[in-house]
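The following block contains the structure, expressed as structure tokens.
All residue numbers in this chain count up from 1 along the given sequence. Please read all numbers here as calculations on a predicted model, not as lab measurements.
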Amino acid sequence: MRQQNNIEDGRHLRSMKTRNKIINAAHHVFLREGFQQTTIKQIIEHAKTGYGTAYGHFKGKDDLLIILMEDVMNKFFEIAHTPFFPTSKEEAKEIILSQVLEFLKIADTEREIMKVFSEAIGLSQTVNEKWEEIRQRFIQSITKDITYSQAKGLARTDLKAEVAARAWFFSNEMYQWEIVFQKSTVSLEEIAHTLTTMYVDAIYR
């Protein structure tokens with residue numbers, strides 16, 4: 001029994017190594033070629049594996065791109081899930097400002113692969129659907145924070161939490177893409193401060 005388990009563990013480890021090798025190869029090729037020009041053949045050749053092996057792990061390049069997208073987005077989600085239990089408007093602003101600045105820094109750091117994400121969102125229905133799913137997760141997280149602040153008497157209750165959350169998310173998303181495509185000449189700190197101040201002053205008492 002122990003020998004059988006060792007054999008299965010070995011197979012699983014080799015499978016995971018192969019999977020990661022293909023993902024890393026996809027990352028390299030996507031950065032080099034962009035989404036539209038990338039082919040599974042290029043990825044397989046870079047990974048030094050076969051078609052059967054690759055398709056045993058992934059459905060195609062859309063699937064691989066989504067895995068890379070989820071990996072980057074998890075960095076954003078880690079910040080979005082920062083405990084949010086402010087006791088004052090000032091404390092809420094401090095937490096939110098820190099989150100926004102970290103979001104912008106990730107967009108700056110991950111600029112090249114996010115350019116590929118942007119291209120893929122416009123070309124692949126599957127990738128676009130995944131992006132919409134990611135958007136909704138962020139909006140739900142923001143809605144939860146606003147609802148908490150309203151319940152604690154910190155935020156205005158005449159505003160619908162989900163609508164405010166969507167407006168806040170899309171404001172941040174717009175500037176993240178500005179940073180990715182280097183369209184903004186304003187510093188990350190200035191963007192974060194301005195966005196946060198406008199948002200907090202609009203919904204917090």
Exercise. What pair of heavy atoms forms the shortest contact from Ala192 to Leu104, and how long is it?
Worked result: N-CD1, 3.9 Å
For this session: Nearest 0.5 Å please: distance from the OG1 atom of Thr38 over to the CG atom of Asp62.
Result: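 It is 11.0 Å, given to the nearest 0.5 Å.
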Problem set entry | Backbone N/O of Phe35 and side chain of Lys61: donor-acceptor pair under 3.5 Å | yes
Problem set entry | Nearest-0.5 Å distance that lies between atom CD1 in Ile66 and atom CE in Met73 |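 Answer rounded to 0.5 Å: 12.5 Å.
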Problem set entry | Residues, nucleotides or ligands: over 12 heavy atoms within 6.0 Å of Glu94 CD |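 Atom CD in Glu94 is not crowded, with 12 or fewer foreign heavy atoms closer than 6.0 Å.
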Exercise. Considering all heavy atoms of both residues, which atom of Thr196 and which atom of Ile96 are nearest to each other, and what is their separation?
Worked result: CG2-CG2, 3.8 Å
Exercise. Between CD1 of Ile139 and CZ of Arg137, what distance do you get to the nearest 0.5 Å?
Worked result: 12.5 Å
For this session: Measure from the side-chain N and O atoms of Glu45 to the backbone N and O of Gln42, and report whether any donor-acceptor pair falls under 3.5 Å.
Result: no
Exercise. Would one find more than 12 heavy atoms of other residues, nucleotides or ligands at under 6.0 Å from atom OH of Tyr199?
Worked result: yes
Problem set entry | Least distance between heavy atoms, Ala164 atom then Ile146 atom |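 The pair with the smallest heavy-atom distance is CB-CD1, 3.9 Å.
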Exercise. How are the rings of His28 and His46 set to each other: parallel, tilted or perpendicular (split at 30° and 60°)?
Worked result: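 Ring orientation, 0 to 90° scale: parallel.
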Seminar exercise, completed: Minimal heavy-atom distance between Lys115 and Val180, with the atoms involved, is CE-O, 3.3 Å
For this session: Determine, step by step, whether Gln150 and Arg156 satisfy the side chain to side chain contact (heavy atoms under 4.5 Å, CB included) criterion, reporting the C-alpha distance in whole Å, the side-chain angles of both residues, the deciding distance to 0.1 Å, and the verdict.
Result: CA-CA 6 Å; Gln150 289 174 326; Arg156 292 168 52 179; 5.9 Å; no
Exercise. Would you call Thr157 and Arg205 a side-chain contact if the rule is heavy atoms closer than 4.5 Å?
Worked result: yes
For this session: For Ser149 and Asp145, indicate whether the former's side chain and the latter's backbone hold a donor-acceptor pair under 3.5 Å.
Result: yes
Exercise. Does the distance from a Lys or Arg side-chain N to an Asp or Glu carboxylate O, for Lys75 and Glu78, drop under 4.0 Å?
Worked result: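 No, no charged N to carboxylate O under 4.0 Å.
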Exercise. Sub-3.5 Å donor-acceptor pair from the side chain of Thr82 to the main-chain atoms of Ile79, do we have one?
Worked result: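 Yes, the answer is positive, given that a donor and an acceptor are paired below the 3.5 Å cut-off.
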Exercise. Has Gln36 got more than 12 heavy atoms of other residues, nucleotides or ligands less than 6.0 Å from its CD?
Worked result: no
Exercise. Taking all non-hydrogen atoms of both residues, which atom of Tyr204 and which atom of Ala92 are closest, and how far apart?
Worked result: CE2-CB, 3.6 Å
Exercise. Do Val116 and Ile113 have side chains that get closer than 4.5 Å, going by heavy atoms?
Worked result: yes
Exercise. Are Lys130 and Glu133 ion-paired here, with the side-chain N under 4.0 Å from a carboxylate O?
Worked result: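 Result for this pair is yes, salt bridge flagged.
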For this session: Check the hydrophobic clustering (I, L, V, M, F, W, Y; side-chain heavy atoms under 4.5 Å; chains of links allowed) and say if Ile95 and Met198 are grouped together.
Result: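 Ile95 does not cluster with Met198.
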Exercise. Leu195 and Phe103: side chain to side chain contact (heavy atoms under 4.5 Å, CB included), yes or no, with the steps?
Worked result: CA-CA 12 Å; Leu195 287 177; Phe103 283 154; over 6 Å; no
For this session: For Leu154 and Lys89, work out which heavy atoms get closest and say how close.
Result: CD2-N, 4.4 Å
Exercise. Do Val186 and Ile179 belong together in a cluster built from hydrophobic side chains that touch within less than 4.5 Å?
Worked result: yes
Exercise. Do the side chain of Glu190 and the main chain of Ser187 share a donor and acceptor less than 3.5 angstrom apart?
Worked result: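 Yes; judged by distance alone, with no hydrogens or angles, the pair exists.
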Exercise. Should Trp131 and Phe117 count as side-chain neighbours, where that means a heavy-atom distance under 4.5 Å?
Worked result: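 Of all side-chain heavy-atom pairs linking Phe117 with Trp131, none is under 4.5 Å.
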Exercise. Is Phe170 reachable from Trp168 through a run of I, L, V, M, F, W or Y residues, each pair having side-chain heavy atoms under 4.5 Å apart?
Worked result: yes
Exercise. Under 4.5 Å between any side-chain heavy atoms of Gln176 and Val100, yes or no?
Worked result: no
Problem set entry | is_close_aromatic(Phe138, Phe77), centroid dist under 6.0 Å | yes
For this session: Please tell me if the side chains of Ile191 and Ser184 come closer than 4.5 Å, counting only heavy atoms from C-beta onward.
Result: yes
Exercise. Rounded to the nearest 0.5 Å, how far does CD1 of Ile22 lie from CD1 of Ile43?
Worked result: 9.0 Å
For this session: Assess whether side chain to side chain contact (heavy atoms under 4.5 Å, CB included) is satisfied between Trp177 and Met114, documenting all intermediate values.
Result: CA-CA 8 Å; Trp177 290 122; Met114 287 192 69; 4.1 Å; yes
Problem set entry | From His27 atom NE2 to Leu31 atom CG, the distance as rounded to the nearest 0.5 Å |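 One finds 4.5 Å between NE2 of His27 and CG of Leu31.
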For this session: Output yes when a side-chain donor or acceptor of Asn128 lies under 3.5 Å from a complementary backbone atom of Ser124, and no otherwise.
Result: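 It does not hold such a pair.
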Problem set entry | CD1 on Ile203 to CG on Asp158, rounded to 0.5 Å |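 Answer rounded to 0.5 Å: 10.5 Å.
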For this session: Check step by step if side chain to side chain contact (heavy atoms under 4.5 Å, CB included) holds for Gln37 and Arg32.
Result: CA-CA 9 Å; Gln37 297 302 318; Arg32 186 185 71 201; over 6 Å; no
Exercise. Hey, is the main chain of Leu97 close enough, under 3.5 Å, to the side chain of Glu102 for a donor-acceptor pair?
Worked result: no
For this session: Could you check if a side-chain atom of Leu64 sits within less than 4.5 angstrom of a side-chain atom of Ile40, using non-hydrogen atoms only?
Result: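 Touching, per the 4.5 Å side-chain cut-off.
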Exercise. Is the Tyr148 ring parallel, tilted or perpendicular to the Phe85 ring (thresholds 30°, 60°)?
Worked result: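 Taking Phe85 first and then Tyr148, their aromatic rings stand perpendicular (interplane angle over 60°).
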Exercise. Does Gln136 reach the side chain of Arg166, with side-chain heavy atoms less than 4.5 Å apart?
Worked result: yes
Exercise. Is the side chain of Glu110 donor-acceptor paired with the backbone N or O of Val72 at a distance under 3.5 Å, no angle test?
Worked result: no
For this session: Check whether any side-chain heavy atom of Phe84 lies under 4.5 Å from a side-chain heavy atom of Ser141, and answer yes or no.
Result: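 No, every pair of side-chain atoms sits at 4.5 Å or beyond.
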Problem set entry | Expected output: side-chain Thr147 to main-chain Thr143 donor-acceptor under 3.5 Å |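 Side chain of Thr147 to backbone of Thr143, a donor-acceptor pair under 3.5 Å: yes, one is there.
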Problem set entry | Polar side-chain atom of Asp71 near backbone of Ile67 as donor-acceptor pair, under 3.5 Å | no
